[in-house]
Amino acid sequence: MPLHHLVYRCPLCGQDPTEVTENDVTCNRCKAVFRRGAGAAIEVRVPGQPVQLRDAVEVVDTIAEWDEREPTARKNGKLDYAANVAFRRSTGQGIIHQKGGVFGFYEKLEPEVEGRLSLQESGLTLFVGAEAAFEWPWERLSAVQTSSKTLQINTSGDRLFSFRFLDDSPRRWERLLHEALEAHYAAKGQKIREFQPRIATR
């Protein structure tokens, strides 16, 4: 996963978003610079201070705490957040053959189309231009997962959509969708126990 997808918000001062500068991530508020270190470490460079090494899990947890204290995805107390994406839809499954047999399957995807993904209290909407091309109430999402660069959702009927974020983090969006889905099902007295390969509640 690219570092700016992980450190989309400054874990030191909460500035959101951060800025990508070559191989680094920079906070324009406190001027901290973040860089990949050895293993799972992240180098933190603050002007006038020694370089610190912080564990990536610790950084992710700290960013989550900032998100909870100062949620940039909410306006007037309600979910209201959007990002530019390039998306692809599945057209079915292809077969991987090996040594005359079936080795496995893969998702066949259409070419990318640019749009804008909007998250609201009621669900997700994907705009292409000014048109709401797809709308998904929370009940229509059957799975949520991320890869190193994309966020994928399965919808009712097992149609897969893959989103590549042009100016945002799939890690942020995975967290936002998890929180929104958990709140939706909690209001119905249910708790999500897993998000993939299928959203399952108890």
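Surrounding NZ of Lys78 are at most 12 heavy atoms belonging to other residues, nucleotides or ligands under 6.0 Å away.
Salt bridge status for Arg202 with Glu194: absent, with no side-chain N to carboxylate O gap under 4.0 Å. We find that Arg172 and Asp16 are joined by a salt bridge, their nearest charged nitrogen and carboxylate oxygen being less than 4.0 Å apart.
Donor-acceptor pairing under 3.5 Å is recorded for the side chains of Tyr8 and Arg175.
Atom-to-atom distance recorded for Gln190:CD and Tyr185:OH is 7.0 Å, nearest 0.5 angstrom. Rounded to the nearest 0.5 angstrom, Cys10 SG and Ile63 CD1 are separated by 8.0 Å. Once rounded to the nearest 0.5 Å, the distance linking CG of Leu3 with OG1 of Thr18 reads 8.0 Å. We find the CD1-CZ distance between Ile153 and Arg140 to be 9.0 Å, quoted to the nearest 0.5 Å. We find the NE2-CZ distance between His5 and Arg171 to be 12.5 Å, quoted to the nearest 0.5 Å. Distance CG/Leu126 to CG/Leu117: 6.0 Å, rounded to 0.5 Å.
Nearest heavy atom pair, residue Ala143 against residue Pro197, reads CB-O, 3.4 Å. Closest non-hydrogen pair, Ala83 versus Phe165, comes out as CB-CD2, 4.0 Å. Considering all non-hydrogen atoms of both residues, Ala82 and Ser118 come closest at CB-CA, 4.0 Å. Shortest non-hydrogen contact noted between Leu141 and Ile199 is O-CD1, 3.4 Å.
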- Message: Pair Arg164, Glu114 - check salt bridge (charged side-chain N to carboxylate O under 4.0 Å, His left out), show working.
- Response: CA-CA 9 Å; Arg164 180 171 62 86; Glu114 291 194 5; 5.7 Å; no
- Before giving the answer on side chain to side chain contact (heavy atoms under 4.5 Å, CB included), spell out for Arg54 and Thr62 the whole-Å C-alpha distance, their side-chain angles and the decisive distance to 0.1 Å. CA-CA 11 Å; Arg54 296 184 61 178; Thr62 304; 3.4 Å; yes
- Item | Step-by-step side chain to side chain contact (heavy atoms under 4.5 Å, CB included) determination, Asp67 to Arg9 | CA-CA 9 Å; Asp67 286 338; Arg9 181 173 198 157; 2.9 Å; yes
- When you look at Glu110 and Arg89, which way does the salt bridge (charged side-chain N to carboxylate O under 4.0 Å, His left out) test go after all the steps? CA-CA 5 Å; Glu110 296 176 349; Arg89 294 187 297 172; 3.2 Å; yes
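Counting only heavy atoms from C-beta outward, the side chains of Glu174 and Glu179 never approach each other to under 4.5 Å. By the 4.5 Å heavy-atom criterion applied to side chains, Ser142 and Ser156 are not counted as neighbours. For the pair Phe34/Leu12, a side-chain contact is recorded, criterion being any heavy-atom separation below 4.5 Å from C-beta on. Contact check for Ser122 versus Pro137: no side-chain heavy atoms found under the 4.5 Å cut-off. Side chains of Thr150 and Pro170 form no contact here, defined as non-hydrogen atoms less than 4.5 Å apart. A 4.5 Å side-chain heavy-atom check between Ile42 and Leu53 finds every atom pair outside the cut-off. Using a 4.5 Å cut-off on side-chain heavy atoms (C-beta onward), Val59 and Leu6 make no contact. Contact check for Leu151 versus Leu177: side-chain heavy atoms found under the 4.5 Å cut-off.
Aromatic pair Phe163/Trp173: ring centres not closer than 6.0 Å. You'll find the ring centres of Phe161 and Trp136 inside the 6.0 Å limit.
Residues Trp66 and Val25 are members of separate hydrophobic clusters, defined by side-chain heavy-atom contacts under 4.5 angstrom among Ile, Leu, Val, Met, Phe, Trp and Tyr. Tracing side-chain contacts under 4.5 Å through hydrophobic residues (I, L, V, M, F, W, Y), one reaches Val144 starting from Phe87; they form part of the same cluster. Grouping the Ile, Leu, Val, Met, Phe, Trp and Tyr side chains by contacts below 4.5 angstrom, directly or via other members, places Leu166 apart from Val85. Hydrophobic clustering (side-chain heavy atoms under 4.5 Å, transitive across Ile, Leu, Val, Met, Phe, Trp, Tyr) groups Leu119 together with Leu181. Hydrophobic clustering (side-chain heavy atoms under 4.5 Å, transitive across Ile, Leu, Val, Met, Phe, Trp, Tyr) groups Val113 together with Leu124.
Residue Thr125 is tested with Glu135, Gln120, Arg116 for a side-chain contact (heavy atoms from CB on, under 4.5 Å); the sole match is Glu135.
Not counting sequence neighbours, the partners of Gln196 by the side chain to side chain contact (heavy atoms under 4.5 Å, CB included) test are Gln145.
Residue pairs meeting the side chain to side chain donor-acceptor pair (under 3.5 Å) criterion with at least one partner in residues 23-42, sequence neighbours excluded, are Gln15-Arg29, Glu19-Asn28, Thr21-Thr26, Asp24-Arg35.
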